[in-house]
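Since the structure comes first, as C-alpha cells, the remarks are kept for the end.
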Amino acid sequence: MNAATPPSEPDPAALRAELARRLAVAGHVPDPGWERVMAELPREVFLPEAYVRRSAPPGWLTLHGGGPDTRADWLRLVNSGDSVVVELDGTGPDAAVRVATVPMPRYLAALHALAPKPGMRVLELGLGTGLGAGMIDRYLRPWHTGDPEIVAVEIDPAHAAAATERLASLGARVRVVTADAFAPELPRLLGGAFDRIITTFPVDDVPPIWRELLAPGGRLVTFLGPELHVVEA
C-alpha cells in the first residue's frame, strides 16, 4: 500500500461484536444483557477524539473520526475496551492526562455489582463522556416507561452539554444535571433518593451525602482507591 494511502476502515459493528465476544470469553460479562449492550452501543459516538502517546517525535497523537489518516486507528482504539485518553491537561509533549475512560473490564465489574433493574431510579455521579450513562440506558431500554429513570451528574458544563447531545442523538433517556457530586444540596437538586448509584472516579471514603441519596434497600457502587466497593442501604 502506498504510504499516502489511508488504511482501510474497519466495520464499527464488527469491532463492537468482537469486543463483546472477547470480554464474555474472558469472564467479564456474567450478565448477557451487558454483552448485548457492548455489541449494540456505538462507542465512537461518545469518544469522538482520543489521544495516544508517540515516541517519535515525542508527544501526543490525536486520533479522530474526521481524518482519513487516523479514522481506522481511532475506531480500533475506542472499540478496544482499553482505557482511552479523551482530554489532556495542557498542550505539547509533556501534557498530562486530564480525562480517560475506565478500562471496560473494570467498568463492567462495577455495572455487574450495580445490577440495575426495571423501574429503579439510577444515578451516575461523574457523567464524563456519557458512555457509562449510555450503557445503563441501553441495558434498561427494553423496560423504559414514563419519565427518565436515569440521572447523571457532571460538574463541568462543557462536558455535560456534549454528553447530553451524544445521549440524545442515540435516543437515550438520561436526565443530565450540572452539579458537584459532593455538593450538600445534591439531594434537593436531584429530587429524591435512588435505588442504584454508581461512580467510577476513586474516593478515599464514601461521602455521607452519597449515602443520603440511597433509597432503602438501595446500592451504591464506587471505588475506594483501586478497589471496587459496594454500599448497601
Side-chain angles (χ1 to χ4, degrees), residues 1-2 4-52 61-87 99-112 114-118 122 124 127-145 148-150 152 159 161-174 176 198 200:
M1 179 167 52
N2 187 291
T5 304
S8 59
E9 181 179 323
D11 177 12
L15 291 175
R16 291 196 298 271
E18 172 57 22
L19 174 61
R21 185 201 66 79
R22 179 162 48 83
L23 290 169
V25 168
H28 296 302
V29 198
D31 179 345
W34 293 115
E35 185 175 358
R36 170 183 60 81
V37 169
M38 293 298 301
E40 289 180 357
L41 192 67
R43 295 167 58 81
E44 59 273 14
V45 170
F46 297 96
L47 307 170
E49 192 168 84
Y51 300 89
V52 293
L61 176 65
T62 306
L63 304 179
H64 55 84
D69 294 334
T70 65
R71 183 172 172 81
D73 289 338
W74 166 73
L75 282 171
R76 292 189 180 94
L77 175 62
V78 301
N79 288 290
S80 67
D82 298 333
S83 178
V84 178
V85 177
V86 294
E87 188 175 330
V99 179
T101 64
V102 178
M104 196 46 55
R106 179 178 167 93
Y107 191 59
L108 284 169
L111 290 172
H112 182 63
L114 188 71
K117 291 180 173 55
V122 181
E124 182 186 45
L127 175 64
T129 65
L131 177 59
M135 290 182 66
I136 296 169
D137 168 83
R138 187 62 61 110
Y139 181 83
L140 293 173
R141 183 170 294 191
W143 304 282
H144 271 334
T145 58
E149 301 162 323
I150 303 166
H159 289 172
T164 298
E165 185 175 335
R166 294 164 189 158
L167 290 162
S169 74
L170 296 174
R173 304 183 65 169
V174 178
V176 176
I198 185 170
T200 52

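Small disclaimer: the values here were computed from a predicted structure and weren't measured.
Residues passing the salt bridge (Lys or Arg N to Asp or Glu O under 4.0 Å) test with Arg36 are Glu40, sequence neighbours excluded. Annotation: side chain to side chain contact (heavy atoms under 4.5 Å, CB included) contacts of Ala100 (sequence neighbours excluded): Ser83, Val85, Val97. Residues meeting the salt bridge (Lys or Arg N to Asp or Glu O under 4.0 Å) test with Arg21, sequence neighbours left out: Glu18. Applying the salt bridge (Lys or Arg N to Asp or Glu O under 4.0 Å) test to Glu35 and every residue at least two apart in sequence or in another chain returns nothing. By the side-chain hydrogen bond (donor to acceptor under 3.5 Å, both in side chains) test, Arg71 pairs with Glu9, sequence neighbours left out. Partners of Ala115 under the side chain to side chain contact (heavy atoms under 4.5 Å, CB included) rule, at least two apart in sequence or in another chain, are Lys117, Arg219. With sequence neighbours left out, Pro105 forms a side chain to side chain contact (heavy atoms under 4.5 Å, CB included) with Leu23, His28, Pro103. Under the ring pair (Phe, Tyr, Trp, His ring centres under 6.0 Å) criterion, Tyr139 pairs with Trp34, not counting sequence neighbours. Val86 is linked by a side chain to side chain contact (heavy atoms under 4.5 Å, CB included) to Leu47, Val84, Val99, Thr101, Thr129, counting only residues two or more places apart in sequence or in another chain. Residues passing the side-chain hydrogen bond (donor to acceptor under 3.5 Å, both in side chains) test with His159, sequence neighbours excluded: Glu87. Shown here are the ring pair (Phe, Tyr, Trp, His ring centres under 6.0 Å) partners of Trp74, two or more places apart in sequence or in another chain: there are none. Taking Glu165 as the reference, nothing meets the side-chain hydrogen bond (donor to acceptor under 3.5 Å, both in side chains) condition, with sequence neighbours excluded.
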